[in-house]
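In what follows, a single structure is set out as structure tokens and then discussed.
Below, each value reflects all heavy atoms present in this structure, side chains not excepted, and no hydrogens, waters or symmetry copies. We count residues from 1, following the sequence as given.
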Amino acid sequence: MQSLYEWDFESSMIKNTDKKKFSKTVLDNITKRNIKEYGFKEKNTRFVFDTINGIFENFEEINSKIKKLAPEWPIEQVTIIDRNILRIGIYEIIFDKKKDIPPKVAINEAIELAKTFGGNSSGKFVNGVLGSLYREIENK
């Protein structure tokens with residue numbers, strides 16, 4: 001989450017025609033620095049990079065889901081922390097090919113991240129968006 005937050009903040013400042021390629025390099029460098037700084041174990045490092053790469057590869061689809069599930073909140077107006085917690089949750093629920101994390105666990109973890117790092121209403125917002133996604137998936 002920390003790497004995505006920093007990357008999202010930095011990416012919003014870039015005025016570059018080749019933004020996507022540049023952004024991937026920036027995201028990888030931020031992630032490597034955070035892994036080194038916080039001393040992740042090898043197993044956790046793989047998990048972090050799998051998640052980061054999966055979010056990046058499915059970035060547009062994930063953002064489309066956020067827009068659909070929270071139509072009254074333009075994605076640019078969702079706080080950076082909430083936006084990236086939602087990206088992680090949506091990735092884990094829909095796009096993670098390993099399916100290591102059950103949807104309800106992914107939702108609960110996202111809510112806890114939002115309560116810890118977000119604003120006063122972040123937990124409710126994340127719960128509402130991811131809960132809607134879960135109900136949508138369950139109804140298919």
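A salt bridge does not link Lys24 with Glu57: none of the charged nitrogens is closer than 4.0 Å to a carboxylate oxygen. Using a 4.0 Å cut-off between charged side-chain N and carboxylate O, Lys32 and Asp28 make no salt bridge. Salt bridge present: Glu136 and Lys65 bring a charged side-chain N and a carboxylate O closer than 4.0 Å.
Between the CG atom in Asp50 and the NZ atom in Lys97 there is a gap of 12.5 Å [rounded to 0.5 Å]. Summarising the geometry, atom CD1 belonging to Ile107 is positioned 5.5 Å from atom CG belonging to Leu130; distances are rounded to the nearest 0.5 Å. Atoms OH and CD1, from Tyr134 and Ile93 in turn, are 9.5 Å apart once rounded to the nearest 0.5 Å. A distance of 12.0 Å separates OH in Tyr5 from CD1 in Ile30, rounded to the nearest 0.5 Å. To the nearest 0.5 Å, atoms OG1 (Thr31) and CZ (Phe56) are separated by 11.0 Å.
The side-chain contact (heavy atoms from CB on, under 4.5 Å) check on Phe47 picks up Thr51, Glu92, Ile101, with sequence neighbours excluded. Partners of Glu61 under the side-chain contact (heavy atoms from CB on, under 4.5 Å) rule, at least two apart in sequence or in another chain, are Asn58, Phe95. Residues meeting the side-chain contact (heavy atoms from CB on, under 4.5 Å) test with Asp96, sequence neighbours left out: Tyr91, Lys98. Under the ring-ring contact (aromatic ring centres under 6.0 Å, His included) criterion, Phe59 pairs with Trp7, not counting sequence neighbours. Considering only residues two or more places apart in sequence or on other chains, Thr116 meets the side-chain hydrogen bond (donor to acceptor under 3.5 Å, both in side chains) condition with none of them.
At a threshold of 4.5 Å between side-chain heavy atoms, the hydrophobic network of Ile, Leu, Val, Met, Phe, Trp and Tyr places Ile55 and Val105 in two separate groups.
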Dump the intermediate steps for side chain to side chain contact (heavy atoms under 4.5 Å, CB included) on Leu113 and Glu109, then the final yes or no.
CA-CA 6 Å; Leu113 284 172; Glu109 288 176 356; 5.6 Å; no
Would you check, one step at a time, whether the test side chain to side chain contact (heavy atoms under 4.5 Å, CB included) holds for Leu4 with Leu27?
CA-CA 7 Å; Leu4 286 170; Leu27 180 57; 4.3 Å; yes
Does Lys67 form a salt bridge (charged side-chain N to carboxylate O under 4.0 Å, His left out) with Glu60? I'd like the steps, not just the answer.
CA-CA 10 Å; Lys67 291 174 187 175; Glu60 295 304 321; 5.8 Å; no
Please walk me through it: do Tyr38 and Gln2 pass side chain to side chain contact (heavy atoms under 4.5 Å, CB included)?
CA-CA 11 Å; Tyr38 296 105; Gln2 186 169 343; 3.2 Å; yes
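Under the 4.5 Å side-chain criterion, counting only non-hydrogen atoms from C-beta, Pro103 is not in contact with Ile137.
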Between side-chain atoms of residues 73-88 and protein atoms elsewhere (two or more places apart, or another chain), which donor-acceptor pairs fall under 3.5 Å?
{"from": "Thr79", "atom 1": "OG1", "to": "Asp82", "atom 2": "N", "distance (Å)": "3.2"}
{"from": "Thr79", "atom 1": "OG1", "to": "Asp82", "atom 2": "OD2", "distance (Å)": "3.2"}
{"from": "Asp82", "atom 1": "OD1", "to": "Ser122", "atom 2": "OG", "distance (Å)": "2.8"}
{"from": "Asp82", "atom 1": "OD2", "to": "Ser122", "atom 2": "OG", "distance (Å)": "3.1"}
{"from": "Arg83", "atom 1": "NE", "to": "Asp8", "atom 2": "OD2", "distance (Å)": "2.8"}
{"from": "Arg83", "atom 1": "NH1", "to": "Ile75", "atom 2": "O", "distance (Å)": "2.9"}
{"from": "Arg83", "atom 1": "NH1", "to": "Val78", "atom 2": "O", "distance (Å)": "3.0"}
{"from": "Arg83", "atom 1": "NH2", "to": "Asp8", "atom 2": "OD2", "distance (Å)": "3.1"}
{"from": "Asn84", "atom 1": "OD1", "to": "Arg87", "atom 2": "NH1", "distance (Å)": "3.0"}
{"from": "Asn84", "atom 1": "ND2", "to": "Asp8", "atom 2": "OD2", "distance (Å)": "3.0"}
{"from": "Asn84", "atom 1": "ND2", "to": "Ile80", "atom 2": "O", "distance (Å)": "2.9"}
{"from": "Arg87", "atom 1": "NE", "to": "Asn63", "atom 2": "OD1", "distance (Å)": "3.0"}
{"from": "Arg87", "atom 1": "NH1", "to": "Asp8", "atom 2": "OD2", "distance (Å)": "3.0"}
{"from": "Arg87", "atom 1": "NH2", "to": "Asn63", "atom 2": "OD1", "distance (Å)": "3.2"}

